[in-house]
Enquirer: 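Take this structure, written in C-alpha cells, and hold onto it; I'll ask about it next.
Keep in mind it's a predicted model, so treat the numbers as computed, not measured.
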Amino acid sequence: MGQQLFIFGAAFLGSAVESTEALTIVLAVGLTRGWRAPLLGAAAAVVALGVLVVAFGQLIVTTVPESALKLVVGTLLLLFGLRWLHKAVLRSAGVVAMHDEQHAYEQAVAQLESAVTTRDWVGFVLALKGVFLEGLEVVFIVIAVGGTGHGFPAAVAGGLVAAIVIAAVGVVVRRPLSRVPENTLKYGVGVILTSLGTFWAAEGMGARWPLDFVSILGLAAVYLVASRMAMTLIRRPQVA
C-alpha cells in the first residue's frame, strides 16, 4: 500500500508541474482569442495522450521482463529527475533565472494579439501543441513511475487527478498560476524521480535494498542534502 501511495504521489506532483505549464498556454489563448478553439485543441491533445498511455504503457508492462524494465525505466527516470533537480539547484542558487509563469503568459498573449487572422485555427493549433508537448512529459512520468512494481494504475490515477485539480484551479481563477511555487515543485519532484530512478535501476542490475521500498526515503534524503550543499557552494548574490 505504501509503495502505491508513493507512486501515486510522484506521478501526481510531476504531472501537476507539467499541467500548470499547459494550463498557462490554454488560458493565454482562451482569454485572448475566445474559448471554443483552445478548449477543442486541448481536448484533442488529451485524447491523443490518453491513447499513448494506454497503448504503450500496457505494452511495456506486459511484454518487457521485469528486471529489464526496472533497469531501462530506472535509468531514464534517473536522468529525467536529475535534469529537473539540476535546473532547480541552479535556479535556487541564483545561477539561472527563476521560471515565471506570469512572464510566459504575457509573452503568449503578446504573440496571440499580433496574429489577427484566422483566429479559430490559430487558437486550436496553439492549444493542441502546447498541451500535447507538455503532456508528453506527463505520459513519460506516468509510464516510468508506474511501469515497475505493478504501479501503473496508481501512476495513471496520480496523473489524472493532477490534471483535474490544475484544470479546476484554472477554471476558478482564470489567470496564469503565477502564485504556484513551480520551481519548488520541480525541485521536490526532481528529488523524488531521481530517488525512484536510482532504486529501480539498481534493482534492475540485481541489487537488493535494505527495507525494500522504504530505502527510497533514504535515497531522497541523500539527494536532498546533496542538492542543498550544491546550492550553498554555487550560490550567487541576488542582484537588485
Enquirer: Give a yes or no on whether Val165 and Ile192 share a hydrophobic cluster (residues Ile, Leu, Val, Met, Phe, Trp, Tyr; joining criterion: side-chain heavy atoms under 4.5 Å apart).
Expert: yes
Enquirer: Would you name the heavy atoms of Arg208 and Glu203 that are closest together and state the gap between them?
Expert: NH1-O, 4.1 Å
Enquirer: Looking only at heavy atoms, what is the nearest atom pair of Ser15 and Val138, with distance?
Expert: OG-CG1, 3.4 Å
Enquirer: Apart from Val51 itself, what residues make up its hydrophobic cluster when side-chain heavy atoms of I, L, V, M, F, W and Y under 4.5 Å apart count as a link, directly or indirectly?
Expert: none
Enquirer: Supply the atom-to-atom distance Leu219 CG to Leu224 CG, rounded to the nearest 0.5 angstrom.
Expert: 12.5 Å
Enquirer: Same cluster for Leu79 and Val89 if Ile/Leu/Val/Met/Phe/Trp/Tyr side chains link at under 4.5 Å?
Expert: no
Enquirer: Measure across Ala127 and Ala42 and return the closest heavy-atom pair with its distance rounded to 0.1 Å.
Expert: CB-N, 4.1 Å
Enquirer: Consider only side-chain heavy atoms of I, L, V, M, F, W and Y, link residues closer than 4.5 Å, and tell whether Val222 and Val214 are in one cluster.
Expert: no
Enquirer: Calculate, to the nearest 0.5 Å, the distance between atoms OG1 and CD1 belonging to Thr194 and Ile216 respectively.
Expert: 12.0 Å
Enquirer: Closest approach of Trp209 and Ser215, non-hydrogen atoms and distance?
Expert: CB-OG, 3.5 Å
Enquirer: Shortest non-hydrogen contact from Ala45 to Leu128?
Expert: N-CD1, 3.5 Å
Enquirer: Transitively linked via ILVMFWY side-chain contacts under 4.5 Å: Ile234 with Met231?
Expert: yes
Enquirer: What residues, two or more places apart in sequence or in another chain, satisfy ring-ring contact (aromatic ring centres under 6.0 Å, His included) together with Phe12?
Expert: none
Enquirer: Could you give the distance from NZ (Lys87) to CG (Leu90), rounded to the nearest 0.5 Å?
Expert: 10.0 Å
Enquirer: For a quick test of reading the model, state the closest non-hydrogen atom pair linking Ala48 to Phe132 and the distance between them.
Expert: CB-CE1, 3.9 Å
Enquirer: For Thr198, what residues pass the side-chain hydrogen bond (donor to acceptor under 3.5 Å, both in side chains) criterion, not counting sequence neighbours?
Expert: Tyr223
Enquirer: Does Ser227 have any side-chain hydrogen bond (donor to acceptor under 3.5 Å, both in side chains) partners at least two apart in sequence or in another chain, and if so, which?
Expert: Tyr187
Enquirer: Kindly state each residue pair satisfying salt bridge (charged side-chain N to carboxylate O under 4.0 Å, His left out) with at least one member in residues 75-86, sequence neighbours excluded.
Expert: Arg83-Glu137
Enquirer: Is Ile164 reachable from Val156 through a run of I, L, V, M, F, W or Y residues, each pair having side-chain heavy atoms under 4.5 Å apart?
Expert: no
Enquirer: Taking only residues two or more places apart in sequence or in another chain, which ones pass ring-ring contact (aromatic ring centres under 6.0 Å, His included) with Phe80?
Expert: Trp84, Phe140
